[in-house]
Asks: 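Sharing a structure, written as structure tokens. Questions coming.
For the single chain, residues carry numbers from 1 onward in sequence order. Scope of the values below: all heavy atoms of this structure, side chains included, with no hydrogens, waters or symmetry mates. Everything quoted here is computed from the prediction, not taken from an experiment.
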Amino acid sequence: MKARHLLAAAAAVEFAHLAPAAVRLPALRRTVARRTAGSGAAPGHVALTFDDGPDPRSTPFVRDALDEHGARATLFLLGAMLERAPALGRELVTRGHEVAVHGWHHRQQWYPAPARDLRELRRATGAVTDLCGARPLWYRPPYGVLTAGPALAARRLGLRSVLWTAWGRDWTAEATGASVFATARPGLTGGATLLLHDSDCTSAPGSWRATLAALPLIAAHCRAHGLTLGPLRDHAVGPN
């Protein structure tokens with residue numbers, strides 16, 4: 001009997017930890033989790049977001065492409081990457097982009113570790129603030145798995161958790177500019193949040209080149225449909 005109670009208690013703790021991850025499910029994104037998923041109230045706006053940088057090998061190419069198309073974005077930075085390229089992080093802010101927090105390392109957070117979650121997220125938030133010179137507003141968990149520990153840590157640090165409503169599957173070895181655009185296109189509607197990657201540090205080597213090739217296609221599509229590409233700060237996402 002005691003063993004069953006212990007197992008039940010452990011299961012309850014694990015469920016409480018994992019329950020917020022349900023916002024990854026498309027059906028829930030369309031209903032109770034719309035704000036966390038990144039659905040904005042600005043009807044003509046698409047939030048353009050990038051994960052996993054800043055990466056000196058690839059982020060400058062993405063940055064220059066955004067300049068070419070007159071677009072600004074929100075970049076979710078990894079603390080470990082930013083520590084290696086602080087000048088690049090500062091330049092993103094100087095160029096008018098918004099910087100946000102993706103964690104310190106890119107790893108899954110399936111099991112409860114609230115002290116670790118708060119420690120690492122505080123470290124990453126501090127790095128973005130100090131090295132980029134801008135206080136971040138947003139947090140996106142690695143792999144889009146928003147479990148209780150990181151969610152509570154983000155709230156405690158004044159960050160708003162946000163995922164995405166559209167993606168380009170640009171992290172795969174098979175990705176091309178055309179495939180990234182084709183995957184993203186159905187979700188490119190007013191109020192959407194698009195997930196892309198400006199680094200291949202956790203993706204297939206060289207996959208960022210597919211992202212780069214897709215950007216002109218995405219920008220042209222949005223122009224043709226009267227949509228503005230911009231950062232989350234202009235997206236009118238309600239509180240979560």
Side-chain angles (χ1 to χ4, degrees), residues 20-53 62-77 92-93 95-102 134-141 144 146 151 154-155 158-171 177-198 210-240:
V23 296
R24 296 182 75 218
L25 303 177
L28 288 184
R29 282 191 193 162
R30 290 193 295 270
T31 55
V32 299
R34 288 181 61 83
R35 289 173 178 171
T36 300
S39 296
H45 189 264
V46 173
L48 180 59
T49 70
F50 294 87
D51 284 6
D52 296 354
V62 172
R63 175 204 63 202
D64 291 347
L66 293 174
D67 277 353
E68 182 179 345
H69 295 287
R72 295 296 174 262
T74 299
L75 293 99
F76 287 86
L77 309 182
L92 291 172
V93 174
R95 295 278 189 108
H97 300 290
E98 182 179 36
V99 288
V101 180
H102 199 35
R135 180 72 171 84
L137 302 176
W138 310 97
Y139 167 64
R140 175 177 287 159
L146 184 60
R155 185 176 293 272
L159 300 172
R160 295 167 63 183
S161 299
V162 64
L163 301 180
W164 58 86
T165 64
W167 62 14
R169 293 189 63 83
D170 57 341
W171 60 87
S179 75
V180 171
F181 173 60
T183 302
R185 181 173 53 192
L188 295 179
T189 58
T193 292
L194 175 62
L195 164 68
L196 296 171
H197 296 78
D198 61 306
T211 307
L212 187 67
L215 285 177
L217 304 175
I218 292 169
H221 173 87
C222 289
R223 283 196 302 271
H225 290 80
L227 299 170
T228 300
L229 284 170
L232 279 164
R233 65 183 174 223
D234 299 335
H235 201 44
V237 177
N240 53 24

Asks: Measure the CG-CG distance between Leu195 and Asp170 for me, rounded to the nearest 0.5 Å.
Replies: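 The CG atom of Asp170 is 6.5 Å from CG of Leu195, to the nearest 0.5 Å.
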Asks: Measure the CG-OG1 distance between Leu232 and Thr49 for me, rounded to the nearest 0.5 Å.
Replies: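 Spacing of CG (Leu232) from OG1 (Thr49) equals 6.5 Å.
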Asks: Any side-chain heavy-atom pair from Leu146 and Thr36 closer than 4.5 angstrom?
Replies: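 Counting from C-beta outward, Leu146 and Thr36 do come under 4.5 Å.
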Asks: Rounded at 0.5 Å granularity, tell me how far CG in Leu227 sits from OG1 in Thr189.
Replies: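 With rounding to 0.5 Å, CG (Leu227) is 7.5 Å from OG1 (Thr189).
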Asks: Would you sort out whether Trp171 and Asp52 count as a side-chain contact (heavy atoms from CB on, under 4.5 Å), showing the intermediate values?
Replies: CA-CA 11 Å; Trp171 60 87; Asp52 296 354; over 6 Å; no
Asks: Mind checking side-chain hydrogen bond (donor to acceptor under 3.5 Å, both in side chains) for Asp198 and listing every partner two or more places apart, or none if nothing turns up?
Replies: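 Testing Asp198 for side-chain hydrogen bond (donor to acceptor under 3.5 Å, both in side chains), a comparison that skips the adjacent residues, returns Thr59.
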Asks: Tell me every residue that passes side-chain hydrogen bond (donor to acceptor under 3.5 Å, both in side chains) with His97, counting only those two or more places apart in sequence or in another chain.
Replies: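 Checked His97 against side-chain hydrogen bond (donor to acceptor under 3.5 Å, both in side chains); zero matches.
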Asks: Testing the basics here: between Val162 and Ala37, what is the closest heavy-atom pair and its distance to 0.1 Å?
Replies: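 Heavy atoms only, the tightest pair is CG2-C, 4.4 Å.
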Asks: Work out which heavy atom in Ala182 is nearest to a heavy atom in Pro186; give both atom names and the distance.
Replies: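 Reported closest heavy-atom pair: O-CD, 3.3 Å.
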Asks: At their closest point, which heavy atom of Ala65 faces which heavy atom of Leu215, and how far apart are they?
Replies: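 It is CB-CD1, 4.0 Å.
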Asks: So which heavy atom on Ala100 is nearest to which on Pro136, and how close?
Replies: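 Answer, listing the atom of Ala100 first, then Pro136: CA-CB, 4.1 Å.
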Asks: Under 3.5 Å, is there a donor-acceptor pair between the side chain of His235 and the main chain of Ala192?
Replies: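 It does hold such a pair.
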Asks: Looking at residues at least two apart in the chain, or sitting in another chain, which of them share a salt bridge (charged side-chain N to carboxylate O under 4.0 Å, His left out) with Asp51?
Replies: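 Result, salt bridge (charged side-chain N to carboxylate O under 4.0 Å, His left out) vs Asp51: Arg140.
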Asks: Among Thr193, Leu194, Leu196, find the residue that satisfies the side-chain contact (heavy atoms from CB on, under 4.5 Å) test when tested with Trp164.
Replies: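 It is Thr193; the other options fail the test.
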Asks: Tell me, with the steps shown, if Phe50 and Leu66 meet side-chain contact (heavy atoms from CB on, under 4.5 Å).
Replies: CA-CA 12 Å; Phe50 294 87; Leu66 293 174; 4.0 Å; yes
Asks: If the condition is side chain to side chain contact (heavy atoms under 4.5 Å, CB included), which residues does Ala154 pass it with, not counting sequence neighbours?
Replies: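 Ala154 satisfies side chain to side chain contact (heavy atoms under 4.5 Å, CB included) with Leu121, Tyr139, Leu159, Ser161 once adjacent residues are dropped.
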Asks: CH2 of Trp167 to NE2 of His197: how many Å apart, nearest 0.5 Å?
Replies: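 Going from the CH2 atom of Trp167 to the NE2 atom of His197 covers 9.5 Å.
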Asks: Any idea which heavy atoms bring Ala166 and Ala184 closest together, and the distance?
Replies: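 Smallest heavy-atom distance, with atoms named: CB-O, 4.4 Å.
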Asks: Using every non-hydrogen atom in the two residues, find where Cys222 and Val46 come nearest and quote the distance to one decimal.
Replies: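 Result for this residue pair: SG-CG2, 4.5 Å.
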Asks: Per the side-chain hydrogen bond (donor to acceptor under 3.5 Å, both in side chains) rule, what does the pair list look like for residues 66-76, sequence neighbours excluded?
Replies: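 Listed once each, the pairs are Asp67-Arg72, Asp67-Arg95, Thr74-Glu98.
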Asks: Which pairs with one or both residues in residues 220-234 pass side-chain hydrogen bond (donor to acceptor under 3.5 Å, both in side chains), sequence neighbours excluded?
Replies: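 Listed once each, the pairs would be none.
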